[in-house]
Amino acid sequence: MSSMSEEEFVKRIRQAEQETATHPRRYLVKLALFAILGYVAIFGVLMALVGLAGGLVAAAFFSTALFLILLKKKLVFVILLAIWVLLKALWVRFEAPQGYTLKRKECPRLFEEIDRLSRQLKAVRIHRVILDNNLNAAVVQHPRLGVFGWNRNYLIVGYPLMLTLSPEEMRSVLAHEFGHLSGNHSRFHGWIYRVRLSWHRIMVAFDGAESWGASLMRRFFNWYSPRFEAYSFALARSNEYEADAIAARLTSPATAARALVNVYATAPYIDDHYWKTYFSKADETSEPPFAPFAGLARFLDDNPLGREQMQERIAEEMQVQTHYANTHPSLRDRLRNLGETPTDVTVPERNAAEAWLGERGRQVMADFDREWLTANGEAWRARYEYVANARAELQKLEGCDPAELGDEALWDYACWSREFVSDDQALPLFMAFRERHPDATGCAFYLACILLKRGDEAGLEPLALARTNPNLIGDCARFGYQFLLDQGRQAEAEAWWQDSLKQQEVFVAAHKERQGVGRKEALVKPEIERDRLDDLVAQLKRIPKVGKVWLAQKPVQHMPEDPVYVLAFKTRGFVFSRAKLQSRVAESLEVEGTFFVVCRSGDAKALAKKVIKRGQRIA
């Protein structure tokens with residue numbers, strides 16, 4: 001988990017940008033040293049381990065008495081354990097990219113394009129080509145030796161992107177991705193690009209590790225990685241412009257511009273006019289009426305992109321400003337850097353999939369369709385059943401007076417009206433529900449969506465309430481920001497975004513507090529409502545082999561309204577596996593709040609003793 005707030009992150013980026021403009025050479029030297037610091041930490045730990053092991057061997061060789069002392073005091077085992085744990089922490093495993101693999105002999109035309117680009121750009125060797133479902137492309141380096149590198153390079157290409165772009169436009173996209181890792185690109189820039197990706201992945205990997213050795217490395221990288229990312233941000237953004245320039249040089253500025261406009265504007269067009277229509281058919285039929293990717297190909301052939309609609313989408317994208325949330329500049333700035341203006345997007349007479357996959361393209365489409373139908377068939381049928389049942393129940397509720405309905409029926413009536421009828425019918429129903437439950441964040445969110453869609457700024461008030469729900473914070477941040485931006489209220493939009501970030505930081509801190517309970521945690525007697533306690537005790541009594549039970553509470557600073565409890569229990573009778581019983585108790589609890597469960601005689605007996613001492617017996 002990053003140790004830096006977004007506000008501090010942006011501040012550091014701006015400082016680095018200023019240094020880049022005033023002292024470019026000094027900036028590059030400091031950036032190189034900062035990048036090397038990560039390697040120093042990793043190899044420094046490794047060398048320390050090697051030195052420790054060497055010293056231990058030397059001690060045994062030159063001084064038997066010293067070795068016997070180490071052995072007698074069991075210090076030798078402590079040292080060897082430390083070496084093993086830290087080596088294990090450094091041996092971080094990264095998952096290799098997964099997807100539909102293409103082979104050279106099956107798609108020679110595609111691999112000819114890849115080879116040509118690699119030669120022209122002196123780029124890294126591509127070991128495997130994978131197709132996925134996205135409207136994007138990327139070169140991913142998978143370090144086979146974890147933090148020690150030995151990369152295997154994957155080219156990941158979105159199959160829908162190949163169906164959408166012409167061969168020339170697809171060549172421009174690939175040239176951009178190859179450009180990041182090419183010899184034509186500044187070698188230093190390419191190295192920094194790879195280091196940025198490496199340190200971020202290593203930080204994420206250490207976040208998921210549990211040993212104390214990994215914890216030591218995690219502390220360093222949680223401090224180091226976001227600071228290096230912020231300091232190198234200016235160079236990373238310039239890399240995007242340089243990669244665009246490389247794509248324009250290998251194709252043409254006009255082709256590179258058309259490819260960019262396609263990626264930015266065509267994707268949402270296809271989502272709205274094909275995929276949303278396709279998914280909506282689950283409301284009417286229990287099985288997909290036709291294969292999705294074969295249908296997408298027909299859609300692109302039979303439905304040329306609507307000129308006016310595409311112009312509107314392009315105009316919207318051209319209004320988006322470059323932001324510090326991503327190193328990728330906005331479409332407007334990228335086109336300006338190419339010296340191009342946005343042009344109309346047209347469906348190519350022959351797309352890249354047809355041109356580069358050849359006869360193999362039919363099998364690829366069939367395989368993608370089969371995999372999609374297999375993966376989504378159950379969800380499709382579940383949606384069909386839900387819609388059929390919801391519409392039947394909605395028909396029964398039509399015309400009912402909201403005041404005469406219970407909470408559950410009123411909520412269903414409002415949600416189904418919004419989903420299947422109209423916002424106009426749903427709005428008074430949500431308002432009626434909110435009168436009963438003014439703090440309900442879900443209702444506030446739906447109200448806000450309806451009002452903001454109408455251009456009514458009254459929706460900002462319920463949206464602010466909905467923002468206090470961790471499951472809604474992302475949508476609330478985006479919706480409020482975009483609404484204010486569309487209203488021309490730039491300062492208020494930025495303030496809304498910053499307030500949302502602060503709220504998100506509270507959620508992150510609260511989540512961190514609830515990730516576990518250590519032996520050194522401060523525990524107190526539990527504050528729990530009598531009804532909830534009685535329900536908890538009743539559930540525990542239904543679990544065999546659970547004897548006496550104690551409950552304590554962990555004080556938390558963030559979101560104290562969501563309490564954290566630690567429950568310790570003593571086993572009754574013979575128990576084959578205390579760990580399995582502990583897991584069964586934790587999984588069986590259906591009580592509001594966050595609960596950690598420990599067994600009095602299990603691996604966490606020290607924590608259990610503390611619960612017994614600081615808490616109270618409840619069963």
Side-chain angles (χ1 to χ4, degrees), residues 97 99-100 102 107 109-121 123-124 126 128-141 153-182 184-185 190 193 197 237 239-271 296 300 305 310 313-314 317 326-331 333-335 337-338 340 342-343 345-357 361 364:
Y100 189 92
L102 296 177
C107 309
R109 184 73 181 87
L110 170 62
F111 281 86
E112 287 175 10
E113 291 288 341
I114 294 172
D115 292 342
R116 182 181 296 110
L117 286 172
S118 295
R119 286 194 303 271
Q120 291 175 317
L121 295 173
V124 296
I126 298 298
R128 183 168 295 179
V129 179
I130 291 176
L131 290 185
D132 66 11
N133 292 332
N134 299 314
L135 260 165
N136 206 346
V139 176
V140 176
Q141 294 191 299
N153 303 312
Y154 292 76
L155 173 61
I156 303 176
V157 183
Y159 181 52
L161 187 66
M162 294 189 73
L163 292 174
T164 304
L165 300 185
S166 68
E168 294 76 16
E169 292 165 352
M170 193 71 221
R171 187 176 299 114
S172 175
V173 172
L174 295 186
H176 175 97
E177 298 303 326
F178 279 44
H180 284 302
L181 301 171
S182 72
N184 291 358
H185 202 29
Y193 179 84
L197 297 179
R237 177 158 287 170
N239 286 349
E240 294 298 332
Y241 289 124
E242 290 182 25
D244 283 344
I246 289 172
R249 188 164 64 249
L250 264 64
T251 56
S252 72
T255 300
R258 284 200 310 273
L260 285 173
V261 171
N262 250 315
V263 171
Y264 276 85
T266 304
Y269 180 90
I270 292 175
D271 281 341
L296 175 59
L300 292 172
L305 307 180
M310 287 303 299
R313 291 190 180 277
I314 294 170
E317 283 294 336
N326 196 314
T327 57
H328 286 80
S330 66
L331 176 62
D333 289 344
R334 295 178 77 171
L335 292 179
N337 187 65
L338 290 172
E340 294 290 320
T343 57
V345 176
T346 58
V347 176
E349 293 183 4
R350 192 181 190 209
N351 61 48
E354 295 170 340
W356 291 356
L357 299 183
V364 169

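All figures in this text were calculated on a predicted structure; none of them were measured in a lab.
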To the nearest 0.5 Å, tell me how far [X] [atom1] sits from [Y] [atom2].
{"X": "L117", "Y": "R171", "atom1": "CG", "atom2": "CZ", "result": "7.5 Å"}
{"X": "S172", "Y": "R249", "atom1": "OG", "atom2": "CZ", "result": "12.0 Å"}
{"X": "T266", "Y": "I314", "atom1": "OG1", "atom2": "CD1", "result": "7.5 Å"}
{"X": "E168", "Y": "L250", "atom1": "CD", "atom2": "CG", "result": "13.0 Å"}
{"X": "R116", "Y": "I114", "atom1": "CZ", "atom2": "CD1", "result": "11.0 Å"}
{"X": "S252", "Y": "E340", "atom1": "OG", "atom2": "CD", "result": "7.5 Å"}

Closest heavy-atom pair and its distance - [X], [Y]:
{"X": "G179", "Y": "L121", "value": "N-CD1, 4.1 Å"}
{"X": "A353", "Y": "Y159", "value": "CB-CE1, 4.3 Å"}
{"X": "W356", "Y": "P167", "value": "CZ2-O, 3.5 Å"}
{"X": "R109", "Y": "A355", "value": "CG-O, 3.3 Å"}
{"X": "S118", "Y": "V124", "value": "OG-O, 4.1 Å"}
{"X": "P329", "Y": "E240", "value": "CD-CB, 3.7 Å"}

Find out whether [X] and [Y] are in side-chain contact, i.e. whether some heavy atom of one side chain is under 4.5 Å from a heavy atom of the other.
{"X": "L131", "Y": "M162", "value": "yes"}
{"X": "H180", "Y": "V139", "value": "no"}
{"X": "F111", "Y": "I126", "value": "no"}
{"X": "L338", "Y": "L260", "value": "yes"}
{"X": "L102", "Y": "V157", "value": "no"}
{"X": "L296", "Y": "P160", "value": "yes"}
{"X": "L300", "Y": "N351", "value": "no"}

For this session: Applying side-chain contact (heavy atoms from CB on, under 4.5 Å), run through V263 and L161 and close with a yes or a no.
Result: CA-CA 8 Å; V263 171; L161 187 66; 4.1 Å; yes

Exercise. Donor-acceptor pair, R237 side chain versus T327 backbone, under 3.5 Å?
Worked result: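 Present.
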
Exercise. Do you know which of T251, N262, T164 makes side-chain hydrogen bond (donor to acceptor under 3.5 Å, both in side chains) with E169?
Worked result: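 Going through T251, N262, T164 one by one, the side-chain hydrogen bond (donor to acceptor under 3.5 Å, both in side chains) with E169 is satisfied by N262 alone.
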
[X]: side-chain hydrogen bond (donor to acceptor under 3.5 Å, both in side chains) partners, not counting sequence neighbours:
{"X": "D244", "result": "H176, R334"}
{"X": "R313", "result": "D272"}
{"X": "N136", "result": "none"}

